[in-house]
Each structure stands twice: as structure tokens, then as C-alpha cells.
Amino acid sequence: MLCFNNGCLFQRDAELMRKIFSGAITNPVQHLRPIEQAIDGLEHFLKQSRYTAHDQLSVADFAIVATLSTVNIVVPLVPDRWPRVCEWFGLMEALPYYSEQNRVGLETLRKHLSGKVTI
């Protein structure tokens with residue numbers, strides 16, 4: 001699952017962010033399909049277990065939630081389409097270290113993005 005994050009989800013997130021920060025796009029709606037497909041894949045994995053790699057929290061969960069939280073700014077997680085992803089994401093957000101380690105940077109990114117695209 002770390003490979004899924006590094007080779008798929010993070011790469012698609014990074015590509016979209018590069019386009020946004022370079023000014024190449026201001027409306028990301030037409031560029032979301034690759035990220036949505038990656039989230040579809042994550043939904044498939046999470047239908048088989050509680051966490052991304054198995055039924056216990058792993059380093060893969062931390063890597064994927066960090067990436068997915070930035071994706072969630074531009075591509076809101078929709079429970080109707082991704083029920084397991086949303087459930088898992090809620091579990092991850094409830095962890096004490098999520099706020100301590102992720103939320104501050106996430107809010108900084110949200111501020112920077114709000115000046116570049118409609119979110």
C-alpha cells in the first residue's frame with residue numbers, strides 16, 4: 001500500500017498541485033478524473049480490511065492519509081461514492097497525532113490553494 005500511495009495516489013496529487021501552483025489551471029474540475037480513479041482503487045482495498053494494508057494500523061495508513069487529506073481539499077470525499085474511504089478517513093482523523101502532525105500543514109496548504117483555485 002505504500003507503493004500504491006507513492007506510485008499512484010501521491011503522483012496524481014502532485015501532478016494536480018503542480019498545475020495549480022504553476023497557474024496552468026484555476027479550475028481543477030476537469031483534471032480530477034485520475035485522482036478519482038485512485039480513490040476508487042483505495043475504496044476497493046478498504047472493502048477488504050479495516051485499514052489500508054490489513055486489519056491493523058500501519059505506516060501505509062499514515063502515508064495515505066497525509067496524501068488523501070491534501071486531495072480532499074480539491075476532491076471532496078463523497079460517502080456515496082467512497083463509503084469505506086470516508087469511514088477509514090474518519091478513523092484516521094480521530095487519531096491524536098493526525099491533528100498534531102497533519103492539520104497545521106493542511107490548513108497552510110488550504111490557505112495557499114484558496115488564492116489559486118475555487119475550493
Checklist entry - Do Val74 and Leu16 come close enough that some side-chain heavy atom pair is under 4.5 Å? => result yes
Next on the checklist: Pair Asp61, Thr52 - check side-chain hydrogen bond (donor to acceptor under 3.5 Å, both in side chains), show working.
Outcome noted: CA-CA 6 Å; Asp61 293 289; Thr52 59; 3.0 Å; yes
Checklist entry - Where do Pro34 and His31 come nearest, in terms of heavy atoms and distance? => result CD-O, 3.7 Å
Checklist entry - So do the side chains of Met17 and Leu113 get within less than 4.5 Å of each other, counting heavy atoms only? => result yes
Checklist entry - Is Leu46 reachable from Leu95 through a run of hydrophobic residues whose side-chain heavy atoms are each under 4.5 Å from the next? => result yes
Checklist entry - How many angstroms lie between CG in Leu2 and OG in Ser58, if you round to the nearest 0.5 Å? => result 7.0 Å
Item to check | Side chain proximity check, Arg50 to Leu91, heavy atoms < 4.5 angstrom | outcome: yes
Checklist entry - Is a side-chain N or O of Arg84 found less than 3.5 angstrom from the main chain of Glu43, in a donor-acceptor match? => result no
Checklist entry - Got a second to check how far Thr70's OG1 is from Asp13's CG, nearest 0.5 Å? => result 3.5 Å
Checklist entry - Is there a path of hydrophobic side-chain contacts, each under 4.5 Å between heavy atoms of I, L, V, M, F, W or Y residues, that connects Leu106 with Phe10? => result no
Checklist entry - Should Glu36 and Val75 be marked as a side-chain contact (heavy atoms from CB on, under 4.5 Å) after you check the CA-CA gap, both sets of side-chain angles, and the distance that decides it? => result CA-CA 8 Å; Glu36 291 171 337; Val75 184; 4.1 Å; yes
Next on the checklist: Can you tell me if Gln56 has over 12 outside heavy atoms packed within less than 6.0 Å of its CD?
Outcome noted: no
Checklist entry - Looking at side-chain heavy atoms only, is the closest gap between Trp82 and Asp40 below 4.5 Å? => result yes
Checklist entry - Rounded to the nearest 0.5 Å, how far does CZ of Arg12 lie from CD1 of Ile35? => result 8.5 Å
Checklist entry - Can you check whether Ala63's main-chain N or O pairs, donor with acceptor, with Thr67's side chain at less than 3.5 Å? => result yes
Checklist entry - Do His112 and Phe21 have side-chain heavy atoms sitting under 4.5 Å apart? => result yes
Checklist entry - Hey, are Arg103 and Glu107 close enough for a salt bridge, meaning a charged N less than 4.0 Å from a carboxylate O? => result no
Checklist entry - Are Ser49 and Asp55 close enough, and set up right, to give a side-chain hydrogen bond (donor to acceptor under 3.5 Å, both in side chains), and what steps lead you there? => result CA-CA 5 Å; Ser49 63; Asp55 288 332; 4.5 Å; no
Checklist entry - Do the non-hydrogen side-chain atoms of Glu15 and Arg18 ever get within less than 4.5 Å of each other? => result yes
Next on the checklist: Quick one, Leu57 with Phe62, criterion side-chain contact (heavy atoms from CB on, under 4.5 Å). Give me CA distance, side-chain angles, the key distance, then yes/no.
Outcome noted: CA-CA 8 Å; Leu57 191 62; Phe62 295 115; 3.7 Å; yes
Item to check | Met1 and Leu42, any side-chain heavy atoms less than 4.5 Å apart | outcome: yes
Checklist entry - When hydrophobic residues are tied together by side-chain contacts of less than 4.5 Å, even through go-betweens, does Leu109 share a cluster with Met92? => result yes
Item to check | Residue pair Val71 / Ile39: nearest heavy atoms and the distance that separates them | outcome: CG1-CD1, 3.9 Å
Item to check | Lys116 side, atom NZ; Thr26 side, atom OG1 - distance, nearest 0.5 Å | outcome: 11.0 Å
Checklist entry - Any chain of hydrophobic side-chain contacts (each under 4.5 Å) joining Tyr97 to Ile64? => result yes
Item to check | All side-chain contact (heavy atoms from CB on, under 4.5 Å) counterparts of Phe89, not counting sequence neighbours | outcome: Val65, Leu68, Ser69, Asn72, Leu77, Glu93, Tyr98
Checklist outcome for this item: Between the CH2 atom in Trp88 and the OH atom in Tyr51, the distance rounded to the nearest 0.5 Å is 10.5 Å
